[in-house]
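Here the structure comes first, spelled out in structure tokens, and everything after it is commentary.
Keep in mind that what you see is a predicted model, and the values were worked out from it rather than measured.
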Amino acid sequence: AYFPANSILRGAAIETLNPEQRQPLTRRQIAGLLNRGSIQTRFAVGTAVLLLAVLASLIQVVTAHARNYLVNQLRDSASAIVGWNATMVELSLPADAQTLDLADLAQARAGGQSFDADAMLRFRSLIDDMTEGGLEDFAIADREDIVLFSLDQRQIGATLPPLESADKTVVRAASVEGDSTPRLAASAPVHNRDDELVGSVRFTLRLTELKEFLDRMRNTLWAAGGAILVLG
């Protein structure tokens, strides 16, 4: 009884001496606030706060694990796709090619067949399917990083940043200012028969479906965890 009685008497005395002065919130007042209610109520509230903290931590861990796993799978897929495209371009190059040009791309050969109208249609259909899957940009550049072919015709003739590696395929995370959707940027060098760099293939994947899946999973976990928390 000492603490509540002391708090009441001290507060009443100060209020009598300084009725217009607003007293600051003290540690004793906070402790008194936390001590209100029955012991069952305080136990239930404390347990709920603890379970809520555990639930939030678990959801964060599960979401981060799922994101890392799926992103790693997409990295492998993007590396295989851009590497395959670079290999197809390499197979179509003349033996003495020193850089890529439009004539080489127009006369490209894949699997021993000329890149005719049917092959172009199949290629366009593949690009359309990849676009639906999140392909945001696809470009083929020459040795000087000048775009020769791109899904965006306005980009043709523009200069791209230098390759991060002239020897191997690189897949890295990318971002766009003002857009929280994650992206993957993949690039693969193109070499001639003498293993000299003559160009590159690059594309960017916008991971919209991944973001939507993670958001749905997070909301589902919160809904299920919230129901368990209320029952608990």
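At a threshold of 4.5 Å between non-hydrogen side-chain atoms, the residues Phe138 and Val201 count as touching. Within the 4.5 Å cutoff, the side chain of Leu93 has no heavy atoms near those of the Leu91 side chain. Within the 4.5 Å cutoff, side-chain heavy atoms of Leu58 are placed close to those of Val54. In this structure the side chain of Ile228 never reaches within 4.5 angstrom of the side chain of Leu51, judged on heavy atoms.
Scanning all heavy atoms of the two residues, the minimum distance from Ala86 to Pro189 falls at CB-O, 3.7 Å. Taking every heavy atom of both residues into account, Leu229 and Ala48 meet most closely at CD1-O, 3.8 Å. Among all heavy-atom pairs drawn from Ile156 and Leu148, the shortest one is CG2-O, 4.0 Å. The two residues Ile146 and Gly157 make their nearest non-hydrogen contact at CG2-O, 3.8 Å.
Trp84 and Val170 are not part of a single hydrophobic cluster, where members link through side-chain heavy atoms under 4.5 Å apart. Under a hydrophobic-cluster definition in which Ile, Leu, Val, Met, Phe, Trp and Tyr are linked whenever side-chain heavy atoms come within less than 4.5 Å, directly or via other members, Val147 and Val190 are assigned to different clusters. No path of Ile, Leu, Val, Met, Phe, Trp and Tyr side chains, each step under 4.5 Å between heavy atoms, connects Val176 with Leu210, placing them in separate hydrophobic clusters.
Atom CG of Leu207 is separated from atom OG1 of Thr181 by 8.5 Å, given to the nearest 0.5 angstrom. A distance of 12.5 Å separates CZ in Arg216 from CG in Leu221, rounded to the nearest 0.5 Å. Rounding to the nearest 0.5 angstrom, the gap separating the CG atom in Leu163 from the CG atom in Leu197 is 6.0 Å. Distance CG/Asp215 to NZ/Lys211: 4.5 Å, rounded to 0.5 Å. Distance OG/Ser165 to NZ/Lys168: 5.5 Å, rounded to 0.5 Å. Interatomic distance, Arg218 CZ to Thr63 OG1, rounded to the nearest 0.5 Å: 5.0 Å.
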Going by atom type alone, with no hydrogens or angles, which donor-acceptor pairs under 3.5 Å involve a side-chain atom of residues 68-80 and a protein atom two or more places apart or on another chain?
| unit_1 | atom_1 | unit_2 | atom_2 | d |
| --- | --- | --- | --- | --- |
| Asn68 | ND2 | Ala64 | O | 3.2 |
| Asn72 | ND2 | Asn68 | O | 3.0 |
| Arg75 | NH1 | Val171 | O | 2.8 |
| Ser77 | OG | Gln73 | O | 3.2 |

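Within the structure, side-chain hydrogen bond (donor to acceptor under 3.5 Å, both in side chains) pairs that include any residue of residues 183-205 comprise Glu136-Arg183, Asp145-Arg202, Asp179-Arg183, Asn192-Glu196, Ser200-Arg202 (at least two apart or interchain).
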- [ ] Show your reasoning for whether side-chain contact (heavy atoms from CB on, under 4.5 Å) applies to Leu205 and Leu135.
- [x] CA-CA 5 Å; Leu205 286 177; Leu135 182 65; 4.2 Å; yes
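Of the candidates Val82, Asp137, Ile140, Phe203 forms a side-chain contact (heavy atoms from CB on, under 4.5 Å) with just one, namely Val82.
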